[in-house]
Amino acid sequence: MSKDGSKPSHIRNDAGIPEAFLKPYNPAEEELKTRALWDESGYANPDKMIADGLTAPDAEPYSIVLPPPNVTGTLHMGHAAMLAIEDILIRYARMNGKKTLWIPGTDSAAIATQAKVETDIYKKEKQTRYDLGREELMKRIDEFTEESKATIINQVRTMGASLDWSRYAYTLDETRYKAVMEAFVRMYDAGLIYRGNRIVNWDPKLQTTVSDDEIEYLEQKDPFYYFKYGPFVIGTVRPETKFGDKYVVMHPNDERYAGYKHGQTIDLEWINGPITATVIKDEAANMDVGSGVMTITPAHSGVDFEIAQRHGLDIEQVIDERGILLPIAGEFAGQHIKKARSLIVEKLTAKGLVEKIDENYVHNVATNSRGGGLIEPQIKKQWFVAVNKEFTISHSEMSGIPTGTMTTLKKLMRHVVETQQVKIAPERFEKIYYHWIDNLRDWNISRQIWFGHRIPVWYRSDEVYCGTEAPGGDGWEQDPDVLDTWFSSGIWTISTLGWPEETADLKTFHPTAVLETGYDILFFWVARMVLMSGFLVGQVPFKQVYLHGLVRDGQGRKMSKSLGNIIDPLDMISKYGADATRLSLIIGAAPGMDIKLSEDRVRGYKHFANKLWNITRFVLESTHDIDVDAKLSETDAKLVTEAHELVKNASKNIDAFRLDLAADEIYHFVWDRFAAEIIEESKPILKEPGEARASRQRMLHKILIISLKALHPFMPYVTEAVWQKLPQKDAELLMVAKWPK
RNA sequence: GCGCUUUUAGCUCAGUUGGUUAGAGCGUUCGAUUCACAUUCGAAAGGUCUCAGGUUCGAAUCCUGAAAGGCGCACCA
């Protein structure tokens, strides 16, 4: 308000421009309206685009599957970055006339979800899953997922993501369940899935196995004990595992122990009395560590298990699935390992077998990153995918691996990246991918939880049956385990398109164009999709992988609850708008590099949205009497060309996945060139009626249109909202307008 | 241990194939602004481009080495 109480002079409407422009851009209001418009149009669905003549029926397909967020989760900045990047690619492809499809979905996240629900139930009712029973627990989980599914879906929508919701998929819905069963059966029939006793990562807290990749190593300080073991000294942080240790291992070239022969036995005094130890010479013993001698616990250590297998040694379980010592521990049997440790050390001290104790030993302990506890390796009968086993590929469209060739899953995964049938951006991740493959062991896919895809195998005394449906006849019992969540995720590109049915979608949209995700799940997911898709449909799942960085706080720290530095995307959206939130996650974020995000950045881009709003207001005010046939002066034509050049360059950057550079360029053109220079220069010209003015009006209008189109993939809401208020335009919705060329 | 990655203004980062006086945003200082702008516009200050060598007419950019952060994998008796 001005001093005399009248309206400030800028709030006026003498040019008859839309009312909305008289106020600053209001994201909350405009975003809601704009989203409704997009939803009504149905143009996220490529079929509708073709039906309405907006996409040519024979146009090049362009598809992306959304990495499905966990059903039970809420939107975080990582999701927001992913949605922003993929929506940019999708909107850009759509505006370029491609047959564009972006498939939404959610993931059941077996372990994480069940762990969460179990924890909640225990907190409220002090009941465990065994108290409730399988059926009741599943019911509770279903209720919980149904409820939170709506939450995550709505949050995804607020970002402005132009996903085709008519094709929404959930990893546990009927179609996807069937696909997972089919995938298992086919791999089983090909001999690529087997059941075997192997050492696995056991989580005593969640009572399930966990895959190698889901293990997170944490530093921990524990005492390190040196014990007298006959004539030797052995070291350990885990005295509680030592009951069964009856092999003493040393390097064959270790001269200190040249006098001991492989297979020689030695009688010695141990925790619960005299034992006979056998000398084993194996190169796994490191001469430089401690005394160079170690005892092994094959049942509870991966490395020890391998040594035992090499030499055909006895393997005895010492600790049970809940972390309780077994009868082999003698007087300590029945105790929990946590409590037993100090008692064992006490006893060894009393027996004079403790050489020394290093109190401040820092080492890594394995934990389950999916909300579980400390990992205890155990030998268990589990299901595995054989990655090194040769098989004949029954159908293949991949070059270099023709139908009928003998290959292995590992070779397949390597080959398609080596031959660039799958490109990875940034390129450096290819090396990391190869390294991972080279170290890959058979993949443990069974989990001892209840929520998930149940293993389609039935047993009846000695019979084993594997099939998508239960076998006929009485007495069959289904395997109680469910599949690793990444098994179902591995077929995501094909299951979302309707596989194993030979759907039109599958034919048109597979392989997908791009798989876009954070680099942290390159192994979990990207590599597994290549494996599964290669075997099941003989195609790569995607032609291009684009890996974005992790979103960190302004100081580069990981966002976490304990640091209290979490920036909530929904919070940013409500304060500054979805467009500003998107831009803050795009500009300055080079591929594969972590993004440092601070609220200031988001605020800055809100100003830009408002700038665009006011540019439009100015142009509309100045062009209310535009002559659309006016001839452009040479200067004005040059300015239009300049805008086109800018878009051309930005397009190149988008094609090369440098969205950060593209967005930055357009941003600067619009603000510094268009608003600060071109519009400023135009003001005097627009005051004088005549040819120069008519030309200026057309030029301003043209550049506005180009700017809106070029910005649309990056900030879809404000550009569409503005577009809707333009009197002259070449498409009803900016979303389906043609990309300027 | 193996590998990747980062280091450019007070802060966050651009700088794509080597090419005039190295750029932007934020911040700081000064100024303008009733006439598109819950602001905007203009200007200033601020950099031995981590360090040491090398290639070159010319290096922030290419090569070698070092230092300091970050990350992954492996080891962890």
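Every chain is numbered from 1, with letters handed out A, B, ... down the list of sequences. Values reported hereafter were calculated over all heavy atoms of this structure, with side chains retained and with hydrogens, waters and symmetry mates removed. What you see is a predicted model; the values in this text were computed from it and never measured.
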What interatomic distance, in whole Å, is found between P of B:rA36 and the corresponding atom of B:rC41?
13 Å
Test salt bridge (Lys or Arg N to Asp or Glu O under 4.0 Å) applied to A:E283 - qualifying residues, sequence neighbours left out:
none
Hey, does A:F224 reach any base, or is it just sugar-phosphate, or nothing, if we go heavy atoms under 4.0 Å?
sugar-phosphate
Touch class at under 4.0 angstrom, heavy-atom based, for A:V249 against every strand present
nothing
Of all pairs that satisfy side chain to side chain donor-acceptor pair (under 3.5 Å), the ones with a partner from residues 579-590 of chain A, not counting sequence neighbours:
A:D87-A:R582
Interface with RNA chain B, restricted to residues 649-660 of chain A and to heavy atoms under 4.0 Å:
A:R658
Side chain to side chain donor-acceptor pair (under 3.5 Å) partners for A:W443, two or more places apart:
A:D484
With A:R341 via salt bridge (Lys or Arg N to Asp or Glu O under 4.0 Å) - residues at least two apart:
A:D222, A:E240
Distances under 3.5 Å between protein N/O atoms and the N/O atoms of nucleotides 61-63 of chain B, please, pair by pair.
none

Under the salt bridge (Lys or Arg N to Asp or Glu O under 4.0 Å) test, which residues partner A:K281, sequence neighbours left out?
none
Considering only side-chain heavy atoms of A:M593, which listed nucleotide, B:rC76, B:rU6, B:rA36, is closest?
B:rU6
Can a donor-acceptor pair be found, under 3.5 Å and without considering hydrogens, that links the side chain of A:K423 to the backbone of A:V545?
no
Could you work out, with side chain to side chain donor-acceptor pair (under 3.5 Å) as the rule, every residue matching A:E269, not counting sequence neighbours?
A:K351
Shorter than 3.5 Å, N or O on both sides, protein versus nucleotides 24-28 of chain B: list them out with atom names.
| unit_1 | atom_1 | unit_2 | atom_2 | d |
| --- | --- | --- | --- | --- |
| B:rA24 | O2' | A:H668 | NE2 | 3.0 |

Side chains of A:E31 and A:N26: any donor to acceptor distance under 3.5 Å?
no
For nucleotides 2-4 of chain B, give me every protein contact, N/O to N/O, under 3.5 Å, one pair per line with atom names.
| unit_1 | atom_1 | unit_2 | atom_2 | d |
| --- | --- | --- | --- | --- |
| B:rC4 | OP1 | A:K431 | NZ | 3.2 |

Which residues pass the salt bridge (Lys or Arg N to Asp or Glu O under 4.0 Å) test with A:R698, sequence neighbours left out?
none
Dot-bracket for RNA chain B, 5' to 3', with Watson-Crick and G-U pairs under 3.5 Å, [ ] for crossing pairs and | for other-strand pairs: what is it?
(((((((..((((.....[...)))).(((((.......))))).....(((((..]....))))))))))))....
Do A:F669 and A:Y667 have ring centres separated by under 6.0 Å?
no
Centres of the A:Y229 and A:F227 rings: under 6.0 Å?
no
Return the 5'-most residue of the pair A:F674, A:E665 with respect to RNA chain B, ranking by each residue's nearest nucleotide.
A:E665
In whole Å, measure the gap between the C1' atoms of B:rU20 and B:rU64 for me.
30 Å
If I pick the C1' atom on B:rA67 and the same atom on B:rG53, what distance separates them, to the nearest angstrom?
15 Å
If I pick the P atom on B:rC49 and the same atom on B:rC26, what distance separates them, to the nearest angstrom?
26 Å
Distance check, C1' atoms only: B:rC75 and B:rG19, in whole angstrom units.
49 Å
Provide the distance between the two P atoms, one in B:rC13 and one in B:rC71, to the nearest whole Å.
15 Å
